[in-house]
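What follows is a single structure, written as structure tokens, with notes after it.
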2 protein chains.
Amino acid sequence: MDNVVHGRPYEVTKDGPRFRPCAPHGVLSRLGDKWTILVMSHLAIASGHRLRFSELKHGIDGITQRMLTLTLRNLERDGLVSRHYFPEVPPRVEYELTGMGASMLPALEGFTSWIRDNWPRMEECRNLFDLAKAEHG
Amino acid sequence: MDNVVHGRPYEVTKDGPRFRPCAPHGVLSRLGDKWTILVMSHLAIASGHRLRFSELKHGIDGITQRMLTLTLRNLERDGLVSRHYFPEVPPRVEYELTGMGASMLPALEGFTSWIRDNWPRMEECRNLFDLAKAEHG
DNA sequence: CAGGATCCCAACTGATACTG
DNA sequence: CAGTATCAGTTGGGATCCTG
């Protein structure tokens with residue numbers, strides 16, 4: 001009803017709370033894709049939160065031209081990044097975090113700092129889990 | 001070298017900072033998959049942070065048995081959820097947030113509250129972007 | 001009840017080649 | 001330089017059937 005957890009409303013039925021897929025998943029799945037966080041992090045530490053295409057491409061190990069383009073288009077579509085095109089020869093294109101994009105950084109930082117703190121333990125848990133699974137058969 | 005942003009170390013080269021794929025992406029891609037956040041949210045609001053398989057299945061609209069099992073196995077492997085098996089007939093299995101799993105909730109909540117606040121604007125941006133793209137050709 | 005095993009399709013990603 | 005277009009490989013997820 002008016003209940004909300006993790007940004008998601010849920011209804012209380014006689015069988016318990018019931019969620020349906022909605023907003024948070026869309027954003028998290030975007031951030032969880034292969035390159036988006038790396039692009040956001042790069043822009044986050046850049047002066048003016050602004051970099052040109054080739055700087056991003058060079059700074060992100062292993063990204064292809066195609067995937068960088070797709071990632072930036074998605075971020076632009078979501079209003080998190082703005083694209084600045086300079087009709088020179090050769091052309092120059094700069095990408096910049098928007099106000100909304102920059103406003104996301106503290107929340108993202110909060111979350112990723114939890115990850116940093118807990119990552120070693122998660123690795124340990126995974127190893128234990130895989131080990132237990134391997135030996136029991 | 002010792003620079004860190006979003007939980008990720010990066011090295012400063014003569015051409016600028018350079019990241020490589022690492023920890024935060026793994027966690028965010030897990031949370032960004034189709035069902036994980038829904039499962040976490042459900043356990044978050046459950047009494048004792050604990051629910052049985054069928055309660056989760058019934059409470060998450062559209063999830064299949066297979067995907068719920070896979071999602072829970074991944075969470076268990078990461079040490080975020082623990083599995084309690086009761087050898088009765090018919091069998092009963094309960095899933096519970098671990099201490100580490102519960103410790104993630106505030107960070108997740110911080111992030112999803114940002115999403116909730118900014119979601120309408122993101123939707124608007126998407127519509128504008130799609131519209132502009134459609135009319136320019 | 002909980003979940004393993006299979007099959008199949010859709011979506012994501014990479015590699016490569018081409019262009020304003 | 002900063003893209004777009006195309007093709008191929010891989011992965012994610014749904015549907016279905018079977019079992020302790």
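Below, chains carry the letters A, B, ... as their sequence lines are ordered, and counting in each starts from 1.
Atom NZ in A:Lys34 sits about 10 Å away from atom C1' in C:dC12, given to the nearest Å. In this structure, A:Asp33 atom CG and D:dT11 atom P are separated by 17 Å, rounded to whole Å. Look at CZ on A:Arg30: it is 14 Å from P on C:dA11, rounded to the nearest Å. As a whole-Å value, the separation of A:Asn74 CG from D:dG3 P is 14 Å. The interatomic distance linking A:Glu55 (CD) with D:dC1 (C1') rounds to 12 Å, in whole Å. Following rounding to the nearest Å, B:Glu88 (CD) and C:dG3 (P) show an atom-to-atom distance of 13 Å. The CG-C1' distance, from A:Leu31 to C:dC12, rounds to 17 Å in whole Å. Atom CD1 in B:Ile63 sits about 13 Å away from atom C1' in C:dG3, given to the nearest Å.
Checked against C:dG3, C:dG14, D:dG14, the side chain of B:Arg83 finds its nearest nucleotide in C:dG3. Among C:dG3, C:dA15, D:dC1, the nucleotide with an atom closest to any side-chain atom of A:Pro90 is D:dC1. Ranking D:dG13, C:dG4, D:dT4 by closeness to the B:Arg73 side chain, first place goes to C:dG4. Side-chain proximity of A:Thr69 to the nucleotides C:dA2, D:dT4, D:dA15 is greatest for D:dT4. Proximity note for B:Met67 (side chain, C-beta onward) versus D:dG3, D:dG13, C:dG3: the nearest is D:dG13.
Closest non-hydrogen pair, A:Ala107 versus B:Gly110, comes out as CB-O, 4.1 Å. The minimum heavy-atom distance between A:Ser82 and A:Thr98, with the atom names listed, is N-CG2, 3.7 Å. Looking at every heavy atom in both residues, B:Met100 comes nearest to A:Cys125 through CE-SG, 4.1 Å. Considering every non-hydrogen atom in both B:Trp35 and B:Thr71, the closest pair reads CB-OG1, 3.7 Å.
One finds a side-chain N or O of A:Tyr95 lying less than 4.0 angstrom from the OP1 or OP2 phosphate oxygen of D:dG3. Not one side-chain nitrogen or oxygen of B:Lys57 sits closer than 4.0 Å to the OP1 or OP2 atom of C:dG3. In this structure, B:Arg66 does not reach the C:dG3 phosphate: none of its side-chain N or O atoms is under 4.0 Å from OP1 or OP2. Neither OP1 nor OP2 of C:dG3 sits under 4.0 Å from any side-chain N or O of B:Arg52. Side-chain N/O atoms of B:Ser54 include one lying less than 4.0 angstrom from OP1 or OP2 on C:dA2.
Checking each of A:Glu96, A:Arg92, A:Glu94 against A:His84 for a side chain to side chain donor-acceptor pair (under 3.5 Å) leaves exactly one that passes, namely A:Glu96.
Nucleic acid contact class of A:Gln65 (heavy atoms, under 4.0 Å, all strands): base. Heavy atoms of A:Phe86 sit nowhere under 4.0 angstrom from any nucleic acid atom.
Heavy-atom distances to DNA chain C give each of A:Pro91 and A:Leu70 a nearest nucleotide, and the one nearer the 5′ end belongs to A:Leu70.
One hydrophobic cluster holds both A:Trp114 and A:Trp119 under the rule that ILVMFWY side chains link at heavy-atom gaps under 4.5 Å.
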